[in-house]
Amino acid sequence: MTRVGPDLRMPPLMDAAAPSPASPVDALRGAVNATVAAVAGKERALRSCPTLERPRKAGFGDFATNAAMLLAPVVGAPPRDVAARLGEELTARLGGALDRVEVAGPGFLNIFLADAWHREALGAMLAAGEAFGGGGAAGAQRIDVEFVSANPTGPLHVGHARNAAYGDALCRILAFHGHAVEREFYVNDFGSQVRNLGVSIQARARGQEPPQDGYQGAYVAELATQIEGAADRPVEEVARDGVAAMLARMQGTLEAFRVHFDVFFFERELHEGGDALVRHAYEELEGQGRTYRSEGALWLRTSALGDDKDRVLERSSGDHTYFASDVAYHQHKRERGFDRLIDVWGADHHGYVARMKAAFEALGGERDRLELLIMQFVHLVGGASMSKRSGEFVTMDDLIADVGVDAARWFLLARSHDTTVDFDLDLARQETAENPVFYVQYAHARIASLLAKAGSDAVSTALDAPDRGAALEGAERELVKKLLAFGEEVAEAAERRAPHRIATYALELAQVFTAFYRDCHVVGADGEVEAQRLALSVAAQRIIARALDLLGVEAPASM
RNA sequence: GCGCCCGUAGCUCAGUGGAUAGAGCGUCGGUUUCCGGAACCGAAAGUCGCAGGUUCGAAUCCUGCCGGGCGCGCCA
């Protein structure tokens, strides 16, 4: 195992000793829960678990709760009557923060908050500073995220790019949420494919064609010229140098893509010292009574743990299967003391999920502590000008050169990992508002420009006292609410392993900011109003920047 | 045959129990003495694959079908 960079756990972004104050939304939720408890009794309140929603339609209030509909059968009263009682109680609790409540539809209680609440919320967001929206994890965990793990026998292609973007963004989000994350790359530098690479390089070095089942790509010929004595040295050495060269090349590509791994784990290490780590895993499995011998091979009884059939670990020839390496590798990860292991795999590996989960359990692991996330495929469309040699994948380097890192990451991250991506290269190349990533970045740059125009004195004065008591326009209230939602979006994205939610949120936030920018003139507005709007702009800029950072996309001050 | 993923507007996709289902692209029509027009506004556009079920309430949960993608080695 090779550590790259400082041998340290990534520190949580937030100071765990200084819990961030409850967000304004949490406070509101607390008030609603207390209201429910007052009306229906504590026990019933706990069981009902009412929602605090953000209604789609402005007419349905800033927030809404379904508490009355949940309580109605318990209390034995019509939902709308219950809602009315809840409304009275909530009105008393919220005081000046509340504008009004309305009972609507089948029994929703719609909550309309006063300007004062929005202004206080803005102040709370600014006070939280860079930490706003983060640190929400219920319990900080040590999480290992293994991703990319491409075979070092060929260049990275667009599928790896998606895996890299996803794994890295997930790590950024988990870390911001409050976990300690380790980024890990598993290097398959052992076995027949590596030897095959050596054979292929050697053939090229000797001016011959690689064998039919060898590696045919142009990169093999390049390696043949780079590796000294490739024609004559033992094929194992050539293979080893070939792997090292490929790995270096991959790392260069990944770093350019803003993906940095903390750990590279080499499969070869599992087999050092007479397969010590593999044997160690076998002992664990035997100790748990999970293995048996049949037809001269060593089998793992995965079928007892949800797999279709049992799997071979050690072939009758005495060789270990690839699966055996995976099992030993995961045992090693277990012993490194993580609370949770996440593997990000390509869709072509989904057939291995059941056996890996079974093996993990057979090793004595808790089934839920290993997560196997499957990335669906990437389909490039509109790439007419994207040169590619026939018969070869479009490489990750090609993609980056074509559309740039920001657009590539955005387009690969904007979709849920379990749906295929149709990557629109023509759209990704555009530098206009039709391109979502450009649109979000443009909003950020526009704020930077606006703040520069106002001047740093005016901005810092505004931040000293963001709540000026000035009345708010509708667009300002909408912007405050959208900004407030950031913490919940981060939590959802982290807990559901769904970075695409951050992309969706960032685009929506940019749209809401743009509406504010259109409706509310900032610079030169009447004194107190200008200060309040500057403060709001700063909050918007910070959160757009943070959202983009979680995706690994830059937030330029000008463009 | 079995397993996993997907099926929502013309296209690409958000939306894992709430109200009249949303966004981007595309199409059509508008906007410039104004903080970034590299922009902005508006309109048309849907049988949420189909059929049952659970629920006060279903795109969402359950069952069965249909369609598409992928996978089912003592390969790695």
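Proteins get letters first, then strands, A, B, ... in listed order; numbering begins at 1 in each.
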Participant: Nearest-Å distance, CZ (A/F423) to C1' (B/C11)?
Facilitator: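 Rounded to whole Å, this separation is 17 Å.
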Participant: Please tell me which of the listed nucleotides, B/C13, B/A39, B/C35, lies nearest to the side chain of A/T419?
Facilitator: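 Output: B/C13.
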Participant: With A/D189 as reference, evaluate A/R240, A/R195, A/R268 under the salt bridge (Lys or Arg N to Asp or Glu O under 4.0 Å) test and give the passing residue.
Facilitator: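 Among A/R240, A/R195, A/R268, the one that satisfies the salt bridge (Lys or Arg N to Asp or Glu O under 4.0 Å) with A/D189 is A/R268.
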Participant: Considering only B/G24, B/A39, B/C34, which nucleotide approaches the side chain of A/R446 most closely?
Facilitator: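 In terms of side-chain proximity for A/R446, the closest of B/G24, B/A39, B/C34 is B/A39.
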Participant: Mapping A/T514 and A/C520 to their closest nucleotides on RNA chain B, which lands nearer the 5' end?
Facilitator: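 Between the two, 5'-proximity favours A/C520.
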Participant: Just jot down the side-chain contact (heavy atoms from CB on, under 4.5 Å) partners of A/A498, sequence neighbours excluded, or say none.
Facilitator: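 Here the qualifying residues are A/R496, A/H500, A/R501.
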Participant: Expressed as a whole number of angstroms, how long is the span from A/L109:CG to B/G18:C1'?
Facilitator: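 These atoms are roughly 14 Å apart.
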Participant: NE2 of A/H379 versus C1' of B/C11: gap in Å, rounded?
Facilitator: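 Going from A/H379 (NE2) to B/C11 (C1'), I get 13 Å.
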Participant: Any pair with a residue in residues 437-456 of chain A that passes salt bridge (Lys or Arg N to Asp or Glu O under 4.0 Å), sequence neighbours left out, goes on the list, sorted by first then second residue, please.
Facilitator: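 Applying salt bridge (Lys or Arg N to Asp or Glu O under 4.0 Å) to every pair that reaches into residues 437-456 of chain A, excluding sequence neighbours, yields nothing.
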Participant: Among residues at least two apart in sequence or on other chains, which ones pass salt bridge (Lys or Arg N to Asp or Glu O under 4.0 Å) with A/R355?
Facilitator: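 A/R355: no salt bridge (Lys or Arg N to Asp or Glu O under 4.0 Å) contacts found.
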Participant: For A/A448, what residues pass the side-chain contact (heavy atoms from CB on, under 4.5 Å) criterion, not counting sequence neighbours?
Facilitator: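 Result, side-chain contact (heavy atoms from CB on, under 4.5 Å) vs A/A448: A/Q541, A/A557.
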Participant: Only Watson-Crick and G-U wobble pairs with both distances less than 3.5 Å should count. Give RNA chain B in dot-bracket notation, marking inter-strand partners with |.
Facilitator: (((((((..((((....[...)))).(((((.......))))).....(((((..]....))))))))))))....
Participant: Do the side chains of A/F323 and A/L300 get nearer than 4.5 Å, heavy atoms only?
Facilitator: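 The answer is yes, as the side chains (C-beta and beyond) meet within the 4.5 Å cut-off.
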Participant: Can a side chain N or O of A/Q511 be found less than 4.0 Å away from OP1 or OP2 on B/C40?
Facilitator: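 A/Q511 to B/C40 OP1/OP2: no side-chain N or O under 4.0 Å.
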Participant: For B/U60 versus B/U54, give the span between their C1' atoms, rounded off to a whole number of Å.
Facilitator: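 Taking atom C1' in both B/U60 and B/U54, they lie 13 Å apart.
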Participant: For atom C1', what is the distance between B/G46 and B/C13, given to the nearest Å?
Facilitator: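 About 14 Å, rounded to a whole number of Å.
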Participant: Counting only heavy atoms not in A/Q430 (residues, nucleotides, ligands), do more than 12 fall under 6.0 Å from its CD?
Facilitator: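 Counting neighbours around CD of A/Q430, more than 12 heavy atoms of other residues, nucleotides or ligands fall under 6.0 Å, so yes.
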Participant: Under 4.0 Å from OP1 or OP2 of B/G15: is there any side-chain N or O of A/H500 that close?
Facilitator: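 Yes, such a contact exists.
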Participant: If we take the P atom in both B/U12 and B/G49, what is their distance in whole Å?
Facilitator: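 Result for the P pair: 14 Å, nearest Å.
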Participant: Take A/L413 and A/V553 through the side-chain contact (heavy atoms from CB on, under 4.5 Å) test and state the conclusion after the steps.
Facilitator: CA-CA 10 Å; A/L413 286 170; A/V553 174; 5.7 Å; no
Participant: Between B/C35, B/G24, B/G18, spot the one nearest the side chain of A/E53, thanks.
Facilitator: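 Between B/C35, B/G24, B/G18, the one nearest the side chain of A/E53 would be B/G18.
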Participant: Check the distance between B/A23's P and A/N435's CG and give it to me in whole angstrom.
Facilitator: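 It works out to 19 Å between those atoms.
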Participant: Give me, pair by pair, the N or O atoms of the protein and of nucleotides 42-47 of chain B that are less than 3.5 Å apart, along with how far apart they are.
Facilitator:
none

Participant: Less than 4.0 Å between a side-chain N and a carboxylate O, is that true for A/R409 and A/D406?
Facilitator: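 So A/D406 does not pair with A/R409 through a salt bridge.
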Participant: Decide yes or no for A/I342 and A/F147: does some side-chain heavy atom of the first lie under 4.5 Å from some side-chain heavy atom of the second?
Facilitator: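 Counting from C-beta outward, A/I342 and A/F147 never come under 4.5 Å.
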Participant: Suppose we screen for salt bridge (Lys or Arg N to Asp or Glu O under 4.0 Å). Which residues come up paired with A/E488, at least two apart in sequence or across chains?
Facilitator: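 For A/E488 the salt bridge (Lys or Arg N to Asp or Glu O under 4.0 Å) partners, ignoring immediate neighbours, are A/R54.
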Participant: When you compare B/C34 with B/A38, how far apart are their P atoms, in angstrom units rounded to a whole number?
Facilitator: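 Comparing P positions in B/C34 and B/A38 gives a spacing of 13 Å.
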Participant: A/W410 has an atom CH2; how far is it from atom C1' of B/A23, in whole Å?
Facilitator: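 These atoms are roughly 11 Å apart.
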Participant: Is the closest side-chain heavy-atom distance between A/Y439 and A/T432 below 4.5 Å?
Facilitator: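 A/Y439 does not reach A/T432 side chain to side chain.
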Participant: Which is true for A/A498 with a 4.0 Å heavy-atom rule: it touches a base, it touches only sugar-phosphate, or it touches nothing?
Facilitator: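 A/A498: no heavy atom of the nucleic acid under 4.0 Å.
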Participant: Using nucleotides 67-76 of chain B, report all nitrogen or oxygen pairs with the protein that are shorter than 3.5 Å.
Facilitator:
residue	atom	partner	partner atom	Å
B/C70	O2	A/H350	NE2	3.2
B/C74	O2	A/S316	N	3.1
B/C74	O2	A/S316	OG	3.1
B/C74	N3	A/S316	OG	3.3
B/C74	N4	A/E295	O	3.1
B/C75	OP2	A/R315	NH1	3.4
B/C75	N4	A/Y352	OH	2.7
B/A76	OP1	A/R315	NH1	3.4
B/A76	OP1	A/R315	NH2	2.7
B/A76	OP2	A/R315	NH1	3.2
B/A76	OP2	A/Y322	N	3.3
B/A76	O3'	A/F190	O	3.4
B/A76	O2'	A/Q193	OE1	2.6
B/A76	O2'	A/Q193	NE2	2.8
B/A76	N6	A/Y352	OH	3.0

Participant: Measure from the side chain of A/K453, starting at C-beta and using heavy atoms only, and say which of B/A19, B/C56, B/G36 lies closest.
Facilitator: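 Out of B/A19, B/C56, B/G36, the nucleotide with an atom closest to A/K453's side chain is B/G36.
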Participant: When the P atoms of B/A58 and B/A51 are considered, how many whole Å apart are they?
Facilitator: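 That atom pair is separated by 15 Å.
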Participant: Could you list by number each residue of residues 55-67 of chain A showing a heavy-atom separation from RNA chain B of less than 4.0 Å, or answer none if no residue does?
Facilitator: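 Nucleic-acid contacts, sorted: A/R56, A/K57, A/F60, A/A64, A/N66.
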Participant: Nearest of B/C13, B/G36, B/G18 to any side-chain atom of A/P106?
Facilitator: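 So the nucleotide nearest the side chain must be B/G18.
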Participant: Can you tell me, in whole Å, how much space there is between the P of B/A9 and that of B/A14?
Facilitator: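 Result for the P pair: 13 Å, nearest Å.
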Participant: For A/E492 and B/A14, what is the distance between atoms CD and P respectively, to the nearest whole Å?
Facilitator: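 So the CD-P distance, A/E492 to B/A14, works out to 15 Å.
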Participant: Sequence neighbours left out, what passes side-chain contact (heavy atoms from CB on, under 4.5 Å) with A/S192? Give chain and number order.
Facilitator: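 With sequence neighbours excluded, A/S192 shows a side-chain contact (heavy atoms from CB on, under 4.5 Å) to no residue whatsoever.
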Participant: Quick one: on RNA chain B, does A/A445 or A/T432 contact a more 5' nucleotide (nearest heavy atom)?
Facilitator: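 Between the two, 5'-proximity favours A/A445.
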Participant: Taking only residues two or more places apart in sequence, or in another chain, which ones meet A/R249 in a side-chain contact (heavy atoms from CB on, under 4.5 Å)?
Facilitator: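 side-chain contact (heavy atoms from CB on, under 4.5 Å) list for A/R249, sorted by chain: A/P155, A/Y219, A/E222.
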Participant: Report the nucleotide, chosen from B/G24, B/C5, B/G36, that has the shortest atom-to-atom distance to any side-chain atom of A/D418.
Facilitator: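 Nearest to the side chain of A/D418 among the choices is B/C5.
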Participant: Can you tell me if the side-chain N/O atoms of A/S449 get under 4.0 Å from OP1 or OP2 in B/G36?
Facilitator: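 The answer is yes; a side-chain N or O of A/S449 sits under 4.0 Å from OP1 or OP2.
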Participant: If you compare every side-chain N and O of A/Y439 against the phosphate oxygens of B/G36 (OP1, OP2), does one of them come in below 4.0 Å?
Facilitator: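 No, because none of the side-chain N or O atoms of A/Y439 sits under 4.0 Å from OP1 or OP2 of B/G36.
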Participant: Closer than 4.0 angstrom, basic N to acidic O: yes or no for A/R311 and A/D307?
Facilitator: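 Here A/R311 pairs with A/D307 in a salt bridge, since their nearest N and O are under 4.0 Å apart.
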Participant: B/A39, B/A14, B/C35: which one has an atom nearest the side-chain heavy atoms of A/A433?
Facilitator: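 Per side-chain heavy atoms of A/A433, the pick is B/A39.
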Participant: Quick one: side chains of residues 517-528 of chain A, donor-acceptor pairs under 3.5 Å with protein atoms, not counting sequence neighbours, listed by atom name and distance.
Facilitator:
residue	atom	partner	partner atom	Å
A/H521	NE2	A/V523	O	3.2
A/E528	OE2	A/R468	NH1	3.3

Participant: Taking the same atom, P, in B/C61 and in B/U27, what whole-Å distance lies between them?
Facilitator: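 The same atom, P, in both gives a distance of 35 Å.
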Participant: Determine the Euclidean distance between corresponding C1' atoms of B/G1 and B/G17; express it in Å to zero decimal places.
Facilitator: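 Straight-line distance between the two C1' atoms is 36 Å.
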Participant: According to a cutoff of under 5.5 Å between the ring centres and under 30° between the ring planes, does A/Y442 stack with the base of B/G36?
Facilitator: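 So no, this residue does not stack on that base, at least one cut-off failing.
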